[in-house]
2 protein chains.
Amino acid sequence: MTGKKSTRATREDVARQAGTSVAVVSYVVNGGPRPVAEATRDRVLAAIDSVGYSPNGIAKALASGVSGAYGLIVPDISNPFFAALAHELEEAVAAEGKVLLLGDSAESKEREETLLKLFLQRQIDGILFIGVDSKPDVRAALRAGVQLVILDRVDNDAGVSSVAVDNIAGSYAATNHLIGHGYTRIGIISGPGNLYTARDRNLGWETAMAQAQLEVDPRWRLEENFSRHGGREAGRRLFSLPQLPEAVFASNEQQAVGLLAAAAEFGVRVPEDLAIMTFDGTDDSEYATPAISTVVQPLNEIARVAVNLLARPPGHEVVQHECDFTLRLRPSCGPHAGQPVPDHN
Amino acid sequence: MTGKKSTRATREDVARQAGTSVAVVSYVVNGGPRPVAEATRDRVLAAIDSVGYSPNGIAKALASGVSGAYGLIVPDISNPFFAALAHELEEAVAAEGKVLLLGDSAESKEREETLLKLFLQRQIDGILFIGVDSKPDVRAALRAGVQLVILDRVDNDAGVSSVAVDNIAGSYAATNHLIGHGYTRIGIISGPGNLYTARDRNLGWETAMAQAQLEVDPRWRLEENFSRHGGREAGRRLFSLPQLPEAVFASNEQQAVGLLAAAAEFGVRVPEDLAIMTFDGTDDSEYATPAISTVVQPLNEIARVAVNLLARPPGHEVVQHECDFTLRLRPSCGPHAGQPVPDHN
DNA sequence: CTGTTAGCGCCTTCAC
DNA sequence: GTGAAGGCGCTAACAG
């Protein structure tokens, strides 16, 4: 009854209503690029909500060449770590006034490339990329001159900007903590060899072991996917061995959770029979039984740094940011003096 | 060196190269709306990849009025249930040839509305909405004539299309299963009263209890947020009581996981001292210790139905789809005859 | 300070 | 079967 057409109000409607030109409407809506007289501005503002005007983002994107959207590509959004990271990323992106396109590559290299191209077609302003492996083909983005930051599964030789924790130092610290407990027989569940993330965490563990001059039984070195399923499978194999290690470093949190499930299956008590430490540090490890000691990634920092990199003006240099981690100690790696139940909020 | 400019190739470049008009290029790119001669088509196709042409999605959106994007609004993507659902939704959306805009409202009603408006500005083709509460303000979407489907946290009186499981029947079945075990003292951890989802699950439990003529000790009815933290808090309160129930129905999976953590804290054995059943059924309950019996939501079906609703031509009717659930039995609710360790893949 | 006017890249009706 | 041309809604010079 308000006489509104089914089609949205445009700048022209506002201009007509306010008795100005469309340019002025733009100026007030965008606060520039030219100044507007106080009185005119008020008239325009009044007209805007009298007409119920809301700018069309698509038209703006086309005209300005800036789409106002960033894209996020992840191997699997249902993976708690990626989900937690996505949460932080979305917030950082929103703070930038942009929207976020979500692409779930479902661990498929092919789909990953499709998504990248799809996003590029939409004039995306920047891409946050977590690859299926460490050798993603991001040439299309570079060619298009679109900012791209690789997260988590990084290859430092790629000549692409990236943000990740110091995986080597993190796993080194975790392993050393285990060693500090007095454990000497320490195993590892590694991630897939095609991920540098996995290799680095492996390396940290190896370094700590070598430095402490601890022997490693090859049967206690298992390799599995970075998933709960993988962790459980590794556990099942491990627990079928005649002799168990005293401790295990699970290369990621999902594996640790799976390992715990296997332990329960086999009646292996944690930490009494087996101490566990892991990497990532989402809520999953806090609420596991027992709560798991873990290297914690600073997701919030990672997200902020990554989005800031995207926001840089073009013609920037490649930067590979490495974040610090923290160690969160919980019951899974054994008793700590004067630290009863350290898992409150 | 290829002489490529920094700007992308457009339809016009293709047309020139192929010696046709831009319209023809459109016809072949979109397979319509007009037919094109075999020979011409080939020339155009050749020109397209000679020039390296890729259509501009933004321009297409503006000209056609169809943005090619759906929006998803969730209270918190780091919540495993929403993440698992998002995974399925992304797949369904991709199958439709669209991209997905992710909005994380961070449990904030205000941010939720902001996101909705932001999406609407971008001429979104449809919105998948999981509200912070059961009374979301989606009028803006309806006014704009944009398709919208509410998921999970549904209000059946709202006159808006929705997709969700039958929460009442699910919790009724879960509770009945507990009763079938012979438990008579059965408690519940309810979700927040402002969510119909929570109320319905409550109702299912109540109905089953009443029907079995079982008394309910009011101290065994706890209300908490749908989070791990909430579940743990409820557990801590429960386990401080002089007498425990024999079983508890945790209204969602996150609560159940938190409850398990509290049980470990208090030395309460599950299922020996306390049987647990819950609702949702993501991988979380499979990998918990012990694995948790749960009502499983058909996420894949929910996603497909929801996206199909969005894809309907305008002028459709409101449909409120209710999905069936399945019951997944695991060790947490007690021993089941002839069902040893039912948690393989 | 304000108005005019080309585009942005593509879709689509309408002629030929 | 093909081409010409008018938008889609907005930005950003360029004039006044």
Side-chain angles (χ1 to χ4, degrees), chain A residues 5-45 47-48 51-69 120-125 144-145, chain B residues 5-45 47-48 51-69 120-125 144-145:
Chain A
K5 300 274 300 301
S6 65
T7 175
R8 288 166 51 180
T10 79
R11 248 187 355 166
E12 206 160 326
D13 299 318
V14 177
R16 193 178 315 120
Q17 171 82 17
T20 74
S21 75
V22 291
V24 177
V25 178
S26 268
Y27 301 153
V28 356
V29 169
N30 304 328
R34 311 217 57 79
V36 174
E38 191 68 10
T40 321
R41 141 175 285 97
D42 290 345
R43 266 188 4 256
V44 171
L45 256 17
I48 283 180
V51 180
Y53 169 74
S54 166
N56 181 321
I58 297 287
K60 174 168 184 163
L62 180 60
S64 70
V66 177
S67 74
L120 257 19
Q121 283 191 171
R122 307 203 124 238
Q123 290 196 173
I124 219 81
D125 298 330
Chain B
K5 299 276 299 301
S6 65
T7 174
R8 290 167 51 180
T10 78
R11 250 184 355 164
E12 205 161 329
D13 299 318
V14 177
R16 194 177 315 120
Q17 171 81 16
T20 73
S21 74
V22 292
V24 177
V25 178
S26 268
Y27 301 154
V28 357
V29 168
N30 305 326
R34 313 215 55 81
V36 174
E38 192 67 37
T40 320
R41 140 173 287 100
D42 290 346
R43 267 187 5 256
V44 170
L45 255 18
I48 282 181
V51 179
Y53 169 72
S54 165
N56 181 319
I58 298 288
K60 175 168 181 162
L62 181 59
S64 70
V66 177
S67 74
L120 256 20
Q121 284 191 170
R122 308 202 122 240
Q123 289 196 174
I124 219 77
D125 297 331

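Lettering of chains follows the sequences in order, A, B, ..., and the numbering in each one begins at 1.
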Are OP1 or OP2 of D:dG3 and a side-chain N or O of B:S21 less than 4.0 angstrom apart?
-> yes

Return the set of residues passing side chain to side chain contact (heavy atoms under 4.5 Å, CB included) with A:A15 (not counting sequence neighbours), or none when no residue passes.
-> A:T20, A:V22, A:V25

Euclidean distance, atom CZ of residue A:R8 to atom P of D:dC10 [Å, nearest integer] | 8 Å

On DNA chain D, nearest-nucleotide positions of B:Q123 versus B:V36: which is more 5'?
-> B:V36

First and last nucleotide of DNA chain C touching chain B, 5' to 3', heavy-atom cut-off 4.0 Å?
-> C:dG9 to C:dC14

Is B:P33 close to B:Y27 at the side-chain level, that is, under 4.5 Å between some pair of heavy atoms?
-> yes

The helix from C:dC1-D:dG16 to C:dC16-D:dG1: angle between its terminal axes, five pairs each, to 10°?
-> 40°

Nearest-Å distance for atom pair CG/C1', residues A:N56 and D:dC8 = 8 Å

Produce the list of close N/O pairs, under 3.5 Å, pairing protein atoms with atoms of nucleotides 13-16 of chain D; give distances to one decimal.
{"unit_1": "D:dA13", "atom_1": "N6", "unit_2": "A:Y27", "atom_2": "OH", "d": "3.2"}

Below 4.0 angstrom from OP1 or OP2 of D:dT2, is there any side-chain N or O of B:T40?
-> yes

Taking atom P of D:dC10 as reference, at what distance in whole Å does atom CG of B:L62 sit?
-> 9 Å

What integer distance in Å separates A:I48:CD1 from D:dC10:P?
-> 10 Å

Sugar-phosphate, base or nothing in reach of A:S26, heavy atoms under 4.0 Å = base

With sequence neighbours left out, what residues match B:R11 under side chain to side chain donor-acceptor pair (under 3.5 Å)?
-> B:S26

Could you note down all residue pairs passing side-chain hydrogen bond (donor to acceptor under 3.5 Å, both in side chains) where residues 51-66 of chain B supplies at least one of them, sequence neighbours left out?
-> A:Q121-B:S54, A:Q123-B:N56

In whole angstrom, what separates B:Q121's CD from D:dC8's C1'?
-> 17 Å

Test item: A:I48 and A:V29 side chains (from C-beta on) under 4.5 Å apart, heavy atoms = yes

Check side chain to side chain contact (heavy atoms under 4.5 Å, CB included) between B:A61 and all other residues, then give those that pass, not counting sequence neighbours.
-> A:I58, B:S67

Taking only residues two or more places apart in sequence, or in another chain, which ones meet B:T10 in a side chain to side chain donor-acceptor pair (under 3.5 Å)?
-> none

With sequence neighbours left out, which residue pairs that include part of residues 15-30 of chain A fulfil the salt bridge (Lys or Arg N to Asp or Glu O under 4.0 Å) condition?
-> A:D13-A:R16

Side-chain donor/acceptor pairs under 3.5 Å, residues 36-45 of chain B, sequence neighbours excluded:
{"unit_1": "B:R43", "atom_1": "NE", "unit_2": "B:A18", "atom_2": "O", "d": "3.1"}
{"unit_1": "B:R43", "atom_1": "NH2", "unit_2": "B:A18", "atom_2": "O", "d": "3.2"}

